[in-house]
**Q** 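This is the structure, below, for whatever I ask next.
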Amino acid sequence: MAYNFDWSVLWRQPYGMWLLQGLWVTIKIGFLAWIIALSLGIVIGTLRVTPWKFLRLFSSAYTELFRNIPFLVQLFFWYYAGPMLLGDRLGHYVNQIMGLNYYVAIFALGIYTASRVAEHMRAGFASIGKEQYQAVLSTGMTQFQMYRYVIIPYALRIILPPLTTEFLTIFKNSSIAMTIGVAELTFMSYRIDAETFHGLEATTGAMFIYLLLGLTVVRIMGFIESKFKIPGMIGR
Amino acid sequence: MIEIKNVSKWFGDFQVLKDINETIQKGQTMVICGPSGSGKSTLLRCINGLEPYQKGEIIVDGESLSDPKTNLYKLRQKIGMVFQRFELYPHMTVLKNITLAPMKVLKKSKKEAEKKAMELLERVGIPDKAHEYPANLSGGQQQRVAIARSLAMEPEYMLFDEPTSALDPEMINEVLDVMVDLAKEGMTMIVVTHEMGFAREVADEIIFMDEGRIIERGSDEEFFTNPKNERTKLFLSQILV
């Protein structure tokens, strides 16, 4: 029996709305997780190169822990075991939170991606010559001021291209949140399949939406890159 | 006054500085020369605490650098340093390069810091470059900005680490002129350089280093015309053509 294509599931109500709702959740997870990933990643990456041994040890342990465990496993861990880590009373309270899976997805994706951002930061720091650091210190700045005002802004500009990739990856990885029941884009395309048996169309639709989302992110990051390009360095 | 007393330093097993003794009085200009690997740049970095030393003592205005109580950040505020490869911050304009430390370290207002920066740019002859990025400047101009950046902290001492070695020949003089003026105005300077013309003109003392030791000192023409040490003779004969 031949398969009857019905592309109208992409705009027919309520299915069209489902896809849009899913996209909105995907965008929210991606952006919020990215805020965590970027800020935490910058801090962890910087701690890895500071002169204080304890902080270096801590940040190395963080990076290796989070980047060496599959994200799916981490997500399950935080969702199912996470509340238990908080003790009986607080854990019970947390389990009652409406939409806990959504918050856990943001948290897990954020701290996982932070470990990757941290590694990019380290590469950025390593590409800045030793004498640049010495030049900053020679003006009387403290270690904190050196990183805050010169080295981190410099390193971030260097690692903008790989950060674009991370930003894209965070939206793609957000689809894994469907495994804990978050109603994001992939989840919604499956839901359409379950209701209409037109999974092929729904999945194709989701693919195109992801592609458009990704291309939009690339455009935004391209704009940021050109705005923060270091004069004299190769840019696009 | 900077006093260097019996200073030795090792990189692993390799001894880069061997029992260095030297005193630099306020207002003096000292030139350090010697072959590469002789420890000149390392000695310079020990003076402002960018490199630690393992033996002996360096005392700047009565404060010992190896004393854990000494605040190195504070001490560095009065010791400016100029690097061979300029080391300007490439993502900031010339003006921001110069005003950053005065604003963050000395807590000067932006207006005050920029006024001082413009005066300094005027002094090194490139006030029109204030809003350019370092990449758009020639090497000589970049180095003059680097000098201005150091001077913006109003240091009492200036360290120069081969400031003209990375420059095209025709740009060397524009940097040396600025340094000669500084020396004549009474800035205390320690300069690692092979520009013997500069040394002849302004150096109060010249030291020659080889393999981590000071092997010859001079304070006058005699250093150039009649060095006592064979190694110095050989070295000078090669650079004074």
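Below, each value reflects all heavy atoms present in this structure, side chains not excepted, and no hydrogens, waters or symmetry copies.
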**Q** Is it true that atom CZ of F54(A) has more than 12 heavy atoms of other residues, nucleotides or ligands lying nearer than 6.0 Å?
**A**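 No, CZ of F54(A) has 12 or fewer neighbouring heavy atoms, counting only those of other groups under 6.0 Å.
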**Q** How about NZ on K108(B), more than 12 heavy atoms from neighbouring residues, nucleotides or ligands closer than 6.0 Å, or not?
**A** yes
**Q** CZ of F58(A): more than 12 outside heavy atoms within 6.0 angstrom?
**A**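 Count not over threshold, so no.
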**Q** Shortest non-hydrogen contact from K130(A) to E51(B)?
**A**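 Here K130(A) and E51(B) meet closest at NZ-OE2, 3.4 Å.
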**Q** About how many Å separate CZ of R157(A) and NE2 of H91(B), when rounded to the nearest 0.5 Å?
**A**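 Here the rounded value is 5.5 Å.
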**Q** Measure from the side-chain N and O atoms of E131(A) to the backbone N and O of R85(B), and report whether any donor-acceptor pair falls under 3.5 Å.
**A** no
**Q** Specify the closest pair of heavy atoms between P90(B) and Q132(A), including all atoms of both residues, with the distance to one decimal.
**A** CD-OE1, 3.4 Å
**Q** Can you tell me which of G129(A), S138(A), P153(A) forms the most heavy-atom pairs within a distance under 4.5 Å of chain B?
**A** S138(A)
**Q** On a heavy-atom basis, which atom in Y73(B) and which in L137(A) lie closest, and how many Å separate them?
**A**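 That closest heavy-atom pairing would be CE2-CD2, 4.0 Å.
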**Q** At a heavy-atom distance under 4.5 Å, which candidate from K78(B), Q84(B), K74(B), R76(B) has the highest pair count against chain A?
**A**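 Result: the option with the highest number of such pairs is R76(B).
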**Q** Do M92(B) and Y154(A) come within less than 4.5 Å of each other through their side chains, counting heavy atoms only?
**A**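 Answer no - side chains too far apart.
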**Q** Got a sec: does the NZ of K28(A) have more than 12 other heavy atoms crowding it under 6.0 Å?
**A**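 Yes, enclosed.
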**Q** Show every donor-acceptor pair shorter than 3.5 Å between a side-chain atom in residues 65-73 of chain A and any protein atom, with sequence neighbours excluded, or say none if there are none.
**A**
residue: R67(A); atom: NE; partner: E64(A); partner atom: OE1; Å: 3.1
residue: R67(A); atom: NH2; partner: E64(A); partner atom: OE1; Å: 3.3
residue: R67(A); atom: NH2; partner: E64(A); partner atom: OE2; Å: 3.0
residue: N68(A); atom: ND2; partner: E64(A); partner atom: O; Å: 2.7
residue: N68(A); atom: ND2; partner: E64(A); partner atom: OE1; Å: 3.1

**Q** Given heavy-atom pairs under 4.5 angstrom as the criterion, report whether the side chain, backbone, both or neither of E132(B) touches chain A.
**A** neither
**Q** Could you tell me whether W24(A) atom CH2 has more than 12 heavy atoms of other residues or ligands within 6.0 Å of it?
**A**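 No, not enclosed.
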**Q** Which answer fits L159(B), side chain, backbone, both or neither, if we ask what part of it has an atom under 4.5 Å from a heavy atom of chain A?
**A**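 For L159(B), no heavy atom lies under 4.5 Å from chain A.
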**Q** Give, for atom OG1 of T139(A) and atom CD of E87(B), the distance between the pair rounded to the nearest 0.5 Å.
**A**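 Interatomic distance, T139(A) OG1 to E87(B) CD, rounded to 0.5 Å: 12.5 Å.
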**Q** For the atom pair CG (L100(B)) and CE (M146(A)), what is the distance rounded to the nearest 0.5 Å?
**A** 12.5 Å
**Q** Between Y89(B) and chain A, which part of the residue has a heavy atom less than 4.5 Å away: side chain, backbone, both or neither?
**A**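 When you check distances to chain A, atoms from both the backbone and side chain of Y89(B) fall under 4.5 Å.
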**Q** Name the region of M81(B), side chain, backbone, both or neither, that has any atom closer than 4.5 Å to a heavy atom of chain A.
**A**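 Both backbone and side chain.
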**Q** Using a 4.5 angstrom heavy-atom cutoff, name the option from L106(B), L88(B), L75(B) with the most pairs to chain A.
**A**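 It is L88(B).
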